[in-house]
Amino acid sequence: MSEHVVPEADFPPSLSRRYYLSPDQPFDLDPTLSCGQVFRWHRADGIWYGIIENEPVAVRQSGSLLTFSGCSEASLVRYFALDIDLGSVLVTAGYDQYLEAAVRRHGGLRIVRQEPWECLVSYLCAQNTSIPHIQRMLGNLCARAGDEVCGPAGRGYAFPEAGAVASLPQEEKRACALGYRAGYIHRTAEAVAGDPDWVERIRQMDYEDARHEMMRFPGAGPKVADCILLFGFEMYEAFPVDVWVRAIMKTCYGVGSAAKTLSPKEYEVIRRFGRDHFGPYAGYAQEYLFADRQHLTRLNGNE
DNA sequence: ATTTGACCTCA
DNA sequence: GAGGTCAAA
């Protein structure tokens with residue numbers, strides 16, 4: 001697994017820094033990093049390894065204590081969104097019985113602040129496949145096109161800039177197991193490399209306009225656009241609808257059809273319901289419902 | 001304007 | 001068939 005951050009010399013790094021969570025600041029590393037919002041973290045012996053701002057980072061949690069190394073406290077707080085008042089977010093998001101059950105089982109899950117470019121590529125990869133495959137694609141891409149980075153927490157690969165992705169030879173891309181997504185990623189990388197201000201432009205738009213703008217990238221449809229705005233741009237009203245969320249919304253809220261495939265029209269109906277029902281933090285509600293999918297899709301909806 | 005099938009890869 | 005998208009009916 002050389003594409004991941006690995007500790008130097010095969011023994012755990014000394015996690016020299018400490019951060020204490022306050023009692024009114026719920027946070028849990030495990031559900032946050034394993035819920036499927038990020039794909040480049042991995043856990044070994046109770047320690048999570050990943051990259052924040054191009055630096056290898058190691059983090060461990062025991063209760064309210066976070067021990068970590070490789071980045072500053074400010075970077076850690078920012079990345080894991082520890083400055084967000086999760087309690088009031090979830091109250092705002094409409095605390096119904098389903099959300100309550102999901103929060104009970106996955107408490108402390110936070111939406112992390114991903115880099116927009118990495119987030120964009122990640123969700124182009126994420127269409128129509130499984131999480132292990134997504135992890136493999138991104139790991140391959142970083143190992144082949146990203147710079148190697150070292151630090152006190154270990155070593156790994158930075159996520160490659162758009163220019164580096166665009167200029168990665170065709171056969172190298174194929175070897176990343178991107179499949180037909182390679183074409184999307186190549187053309188999107190070219191567009192981004194030639195438009196360095198794209199992030200600032202999106203940031204200045206409201207959610208609906210940003211969504212429209214995101215869908216101009218090849219391979220970015222409604223689902224991908226909503227994921228990037230939610231995970232990469234802090235637009236918490238975004239309500240991505242995948243097959244799981246669709247099933248949950250049907251089972252628990254009676255929204256949507258029984259058709260085999262999810263049409264653009266039905267996507268609109270469900271995301272609008274989500275936004276209206278859960279409010280400006282609908283995306284947070286979506287993450288908790290998604291995290292609890294195996295439970296929620298087994299309900300009969302009549303209780 | 002809506003619906004259908006192909007698409008890489010891996011399970 | 002999968003945590004979709006696109007282009008062609």
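Lettering follows sequence order; numbering is per chain, from 1.
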SB check [X] [Y] (cutoff 4.0 Å):
| X | Y | answer |
| --- | --- | --- |
| Asp226(A) | Arg211(A) | yes |
| Arg113(A) | Asp83(A) | yes |
| Glu73(A) | Arg18(A) | no |
| Arg43(A) | Asp30(A) | yes |
| Arg40(A) | Glu118(A) | yes |

Distance-only donor-acceptor test, Tyr180(A) side-chain atoms vs dG4(C) base atoms, 3.5 Å:
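Check passes, donor-acceptor contact within cut-off.
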
Does the structure show a Watson-Crick or G-U wobble partner for dC8(B), both distances under 3.5 Å? Name it, or say none.
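No nucleotide pairs with dC8(B).
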
Strictly by Watson-Crick or wobble contacts shorter than 3.5 Å, is anything paired with dG3(C), and which nucleotide is it?
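dG3(C) is unpaired by these criteria.
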
In whole angstrom, what separates [X]'s [atom1] from [N]'s [atom2]?
| X | N | atom1 | atom2 | value |
| --- | --- | --- | --- | --- |
| Lys260(A) | dT2(B) | NZ | P | 19 Å |
| Phe239(A) | dG3(C) | CZ | C1' | 14 Å |
| Leu262(A) | dT3(B) | CG | P | 12 Å |
| Arg174(A) | dC10(B) | CZ | P | 12 Å |
| Gln37(A) | dG3(C) | CD | C1' | 14 Å |
| Met137(A) | dA11(B) | CE | C1' | 13 Å |
| Gln286(A) | dG3(C) | CD | P | 14 Å |
| His186(A) | dC8(B) | NE2 | P | 15 Å |

Of Phe290(A) and Gly219(A), the one whose closest DNA chain C nucleotide lies more 5'
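On the 5' side of the pair lies Phe290(A).
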
Go nucleotide by nucleotide along DNA chain C from the 5' end; which of Phe39(A) and Pro218(A) gets its closest nucleotide reached first?
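Mapping each residue to its closest nucleotide by heavy atoms, the 5'-most match is Phe39(A).
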
Just call it for [X]: base, sugar-phosphate, or nothing, with non-hydrogen atoms closer than 4.0 Å on any strand.
| X | answer |
| --- | --- |
| Val245(A) | nothing |
| Gly221(A) | sugar-phosphate |
| Ala220(A) | sugar-phosphate |

Taking the minimum atom-to-atom distance to the side chain of [X], which one of [options] wins?
| X | options | value |
| --- | --- | --- |
| His133(A) | dC10(B), dT4(B), dG3(C) | dC10(B) |
| Ala177(A) | dT5(C), dC10(B), dG3(C) | dC10(B) |
| Pro222(A) | dT5(C), dC10(B), dG4(C) | dT5(C) |
| Val243(A) | dT5(C), dC10(B), dG3(C) | dG3(C) |
| Asn128(A) | dC7(B), dT5(C), dG3(C) | dC7(B) |

Residue whose closest nucleotide on DNA chain B lies nearer the 5' end, Pro264(A) versus Gly179(A)
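Nearer the 5' end of the strand: Pro264(A).
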
Does dA11(B) have its OP1 or OP2 closer than 4.0 Å to a side-chain nitrogen or oxygen of Arg136(A)?
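Checking Arg136(A) against dA11(B): at least one side-chain N or O falls below 4.0 Å of OP1 or OP2.
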
Can you tell me how far P in dA11(B) sits from the matching atom in dT5(C), rounded to whole Å?
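Here dA11(B) and dT5(C) have their P atoms 23 Å from each other.
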
Rounded P spacing from dG5(B) to dG1(C) in Å:
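Roughly 15 Å separates the two P atoms.
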
Report, as yes or no, whether the 6.0 Å neighbourhood of atom CD on Glu161(A) holds more than 12 heavy atoms from other residues, nucleotides or ligands.
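No - once you tally the heavy atoms of other residues, nucleotides and ligands closer than 6.0 Å, there are 12 at most.
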
